[in-house]
Amino acid sequence: MDNNKRPFSQDTSRAPISQRGQEVETIGRGASKAKIKITIDDIEIKVPAGITILEAAKSVNIKIPTLCQHDDLCLAGVCRMCVVEVEGQRTLQAACSYPISEPVNVKTYSPRVRRARHNIIQLLLKNHYGECYSCSRNNNCELQSLAKEYGVSTYKFGHIDNPRYEKDTSSYSVERDMDKCVLCRRCVRTCIDLQEVGVLEAADRGSGTKIVTYMDKPLEDVICINCGQCINRCPTGALKAKDPSQAVWEAIDDPSKHVVMQTAPSPRAAIGEEFGLPPGTSVTKKLNTAIKRMGFDRAFDTNFTADLTIMEEGTELLLRLKKALVDKDKNVALPLFTSCSPGWVKYIEYFYPEKLNHLSTAKSPQQMFGAVVKTWYAKTNNIDPKNIVSVSLMPCSAKKFECERPEMNASGFRDVDHALTTRELAGMIKECGIDLPNLPESNFDDPLGTGTGAALIFGATGGVMEAAIRTAYEIVSGSEVPFDKLRITPVRGMDGVRTAEIPIKKAVDAWKFLEGATLKVMIGHGTANAKKIMDMLCQGELEGYHFIEIMACPGGCLGGGGQPIPTSPEIREARAKAIYAEEEGLPYRKSHENPFIKKIYKDFLVEGPCGRTSHKLLHTSYTARGKWIGKEKGNRKKA
Amino acid sequence: MKIGREGPVIFSEIEPYAGLKNALNLGKTKVRDTVRDSNLKGRGGAGFPTGLKWNFVAVSPAEKKYVVCNADEGEPGTFKDRVLLTEYPGLFLEGMIIGAFSIGAKQGFLYLRGEYKSFLGILEKKLEEMRKDGVLGTDIMGKKGFSFDIEIRMGSGAYVCGEETALIESIEGNRGEPRNRPPFPANTGYNGYPTVVNNVETFAVVTHILVKGAEWFKSIGTEKSAGSKLLSISGDCKKPGVYEIPFGTSIKEILKMADAKDTKAVQVGGASGVCIAKSRFDRKIAYEDLSTGGSFIIFNQSRNIIDAAKNFLQFFEEESCGQCTPCREGIPVLLEGVEMLKAGECTQVYLKELLSLSETMQLASKCGLGQSAPNMFISVIDNFKKEYTLSKVNKKEKKFNG
């Protein structure tokens, strides 16, 4: 299989051999990249050995229906929607998992194939309980699309009348409705192979098969990190994020409440997809207009506190380096890991609790924002913080859990009251009849509406690292990072684990001890890659590394569990491209240059980054959960 | 060694280790040639040529290769492997060693059905004995560089683990679910390495072939089905038990052998096999006619065929791994259909849908379990029309409103 086209989960240690793409031996056929001549629906093509019939058909624009197949995931071949005729084979073959190793003659719509597909759809619908119009995935459901495509007009084999399972709404982030599950096991493969968390697995057999958590416990009691990647890959509405939009409407409708919205960077490059725009269309300024029209009192920018995060986290890094290098303090934990991704934070709390001292104590931009709104903003605008409802637009389902962390109330109030996903806000906008793509543009509101380009790229994997380097390098050396147009290309890209080395040639007096040093950094995205990095750390293989960025989701936030569905490597790349393009047009591209960051350190956080006020409001602590499954250390709030 | 068992191949006289000795003398390639020339086909029921399978594995450049003996005898009505496992353990274990030698495997597994746990003692004892005899371990029978040992792995009672790829998943420690094929185990098997998986009986036959030769073997049975078959005969007859018959023996002859009277139907091949009505009792046990893993169940006139079909479908509903749609969701529909047939509530139109579904299950299921689950249903519909009556009112179909 072409290395670039391998699914993201191909190389994870928990992807079973049987699910990985097959290396087809081409011994005796000459070169290893042998091309094989095949015929699909009478079209002759030459394809590289080892690709599947499905991929080959796609290359000649023949659409074979699929359900359990997903570009990010390993093979499954379980739904059987994609069966085709392969000449010489007694039975029909699943196109998604049939590797081409010799010349074949394929028919994708023979009578037997058509009958099989009709029957399989009927079988899937038989136990799919629920009405489409009350489903979160109405009009964006793969089962619904298939039913339409195949003109289902009756339930041939009957249809279930009553729910069989209780909905699991225990988690703050992810809800499960197994009555809608069609057992394609994408969530299982996402959780086990793609993310290597392993919360979901198939249990029981035959018609009693179901997808369960450990011992079928509620999601809040098992080691779910809330990343929501399963939601993004569920073909139906069996998995969804917990939707707080009703509470947000109530706050908007309550005149005594001052409702502020903060917008994270990556939803801007994705929310357009919910309105039919192609992936990679950035709608930042139109979104501001929509938010204000909906009735939010302020449209603020999470990028402001992303810049603040860089100041705090960057300073934390430099202070740790100083302690280690100058004070020779052996207890300083290096490398330092970023803490912006709440899925990653929960992952390390569960799987590597003994390494929590490596995690930056800086809150995520969302939580910093909440803390600043209910303190500095409230004070300077004479608003009683108890009347402020702080809402965030996040690409993320784990942010919902983060809001509910008991420690996130340093101001005396919840930092953030509600976290909406991109999908949920899009729903609210549609409900207002607002035509997002055709809105006039407007700016964010001050004072929390100015963010730099460095903050914007937080949305893509490697972005936090790039932003941190731009600022830290300049603090230490007194000059700009030596990269053309500030593009620190070594940290960009979609490889699962990336490393970069930045030599510091000159240093200003305060940081003289870093002169001649080389800053070594690493970036990982997707928790399967986080696991690789953490295992390296445990093996002592990260000696010499200083700073490591980890995002729980593939692609970083732009591939988050709250983003528009579907997701694929191509869609994520388009979103990343949009973010990097928008970034270069911004007036400020380094966090420390943000005029309002300067202002907040002058007027409010007067002790400077990592100072006393910062520590109280902008830093946090973590819970060493371990892999204990139970009420005590699971998803629940502390008692 | 024999306990009154007679038969042309398996139960014929043989000296222990004679087959292995011959194999070591012949060399790897000639062993495979012998097995290929004997026309031996897999005795598990699918009938894949054993020599071909071994050759695939042997020529693979992979650094490790494995031999697996499938002793997950789970097909309803099959109990012939237990005779080999308990009474002739040396025979098939020797076959495994011959196989390992010819393909270059160093490690073998005996995958033993969970319900056969009580045989563990016999088998472990036999393996220990063979290690002492120098036919397991390093430099087997003095052959420098030929090392091989066999480990017993227990199943946990899942019928589907008799399917070779599910069996491999189970040995690897995973949930026993069939894999996608291709690639076949001969290419990507245990831990991703080429693996030969054969039935207990196949390995037992190999030992005989290596002693008595391919020509001898081919002289038994039919042109396309060489050799003999062990049958587990059960049901309405006076002499149930394990019989060895040459391929080409007709149902009539077998019924006579087992002293069955007043027979209405015979289920050949267990739950996944087919149900043969009296009018077709001249059909023969052979790969080209009635292929079977060994199950032969006799029903007399007092039996209700619809009930039998229902019983088998209930079995499949429980034993389906639940992975693929046609099998998981299709079996309950057929089961319901059988109940409707029995109650006289099934219409001609719905029956047609059920047959279409059966075809889909046969064609589109991921593994042999789902592919053969509707066999009995189809047999009943085709061959036992007198056993059911159709209704004119369709109670099943649910129309959409509007």
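Order of the sequence lines sets the chain letters (A, B, ...), proteins ahead of strands, with each chain counted from 1. Side chains are part of it too, since the values below use all heavy atoms of this structure and drop only hydrogens, waters and symmetry mates.
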First locate atom [atom1] of [X], then atom [atom2] of [Y], and finally report the distance between them rounded to the nearest 0.5 Å.
X: B:Cys324; Y: A:Leu183; atom1: SG; atom2: CG; value: 11.5 Å
X: B:Arg328; Y: A:Ser207; atom1: CZ; atom2: OG; value: 9.5 Å
X: A:Tyr98; Y: B:Asn180; atom1: OH; atom2: CG; value: 12.0 Å
X: B:Lys366; Y: A:Cys79; atom1: NZ; atom2: SG; value: 10.0 Å
X: B:Leu357; Y: A:Arg115; atom1: CG; atom2: CZ; value: 12.0 Å
X: B:Glu329; Y: A:Leu125; atom1: CD; atom2: CG; value: 10.5 Å

Problem set entry | Residue among A:Leu92, A:Thr91, A:Asp204, A:Val78 with most heavy-atom pairs under 4.5 Å to chain B |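 Top option by heavy-atom pairs under 4.5 Å: A:Val78.
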Exercise. Within a strict 4.5 Å, meaning less than it, do heavy atoms of the B:Leu363 and A:Val83 side chains meet?
Worked result: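 B:Leu363 vs A:Val83: side chains apart.
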Problem set entry | Student check: side-chain heavy atoms of A:Arg90 and B:Gln371 closer than 4.5 Å |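 A side-chain contact under 4.5 Å exists here.
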For this session: Might you point out which heavy atoms bring A:Gln93 and B:Pro182 nearest each other, and give the distance in Å?
Result: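 Smallest heavy-atom distance, with atoms named: OE1-CD, 4.1 Å.
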Exercise. What are the two closest heavy atoms between A:Ile120 and B:Thr360, and how far apart are they?
Worked result: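 In terms of heavy atoms, the two residues are closest at CG1-CG2, 4.1 Å.
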Under 3.5 Å, side chain of [X] to main-chain N/O of [Y], donor-acceptor pair present?
X: A:Arg80; Y: B:Ala364; value: yes
X: B:Arg175; Y: A:Ala202; value: yes
X: A:Asn119; Y: B:Ser356; value: yes

For this session: Below 4.5 Å from any heavy atom of chain A, which atoms of B:Ser365 appear? Answer side chain, backbone, both or neither.
Result: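 Looking at B:Ser365, just its backbone touches chain A.
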Exercise. Side chain, backbone, both or neither: which part of B:Pro332 has a heavy atom under 4.5 Å from chain A?
Worked result: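 Only the side chain of B:Pro332 comes within 4.5 Å of chain A.
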Problem set entry | Best-contacting candidate, B:Ile331, B:Asn174, B:Val333, B:Leu369, against chain A by heavy atom pairs under 4.5 angstrom |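 If we count pairs closer than 4.5 Å to chain A, B:Val333 comes out on top.
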Exercise. Out of B:Gln323, B:Glu172, B:Arg179, which one racks up the most heavy-atom pairs below 4.5 Å with chain A?
Worked result: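 Top option by heavy-atom pairs under 4.5 Å: B:Gln323.
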Exercise. When you check the gap from the basic side-chain N to the acidic O, do A:Arg205 and B:Glu317 get nearer than 4.0 Å?
Worked result: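 No, A:Arg205 and B:Glu317 are not salt-bridged.
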Exercise. With a cut-off of 6.0 Å (strictly less than), are more than 12 heavy atoms of other residues, nucleotides or ligands near CZ of B:Phe48?
Worked result: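 Yes, CZ of B:Phe48 has more than 12 neighbouring heavy atoms, counting only those of other groups under 6.0 Å.
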Exercise. Does atom CD of B:Glu318 have more than 12 heavy-atom neighbours, drawn from other residues, nucleotides or ligands, at distances under 6.0 Å?
Worked result: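 Incorrect, the count does not exceed 12.
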Exercise. Which atoms of A:Val113 come close to chain B, meaning under 4.5 Å heavy atom to heavy atom: side chain ones, backbone ones, both, or neither?
Worked result: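 Neither; nothing under 4.5 Å.
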Exercise. Could you walk me through whether A:Lys126 and B:Glu336 pass the salt bridge (Lys or Arg N to Asp or Glu O under 4.0 Å) check?
Worked result: CA-CA 13 Å; A:Lys126 185 169 77 87; B:Glu336 205 185 18; over 6 Å; no
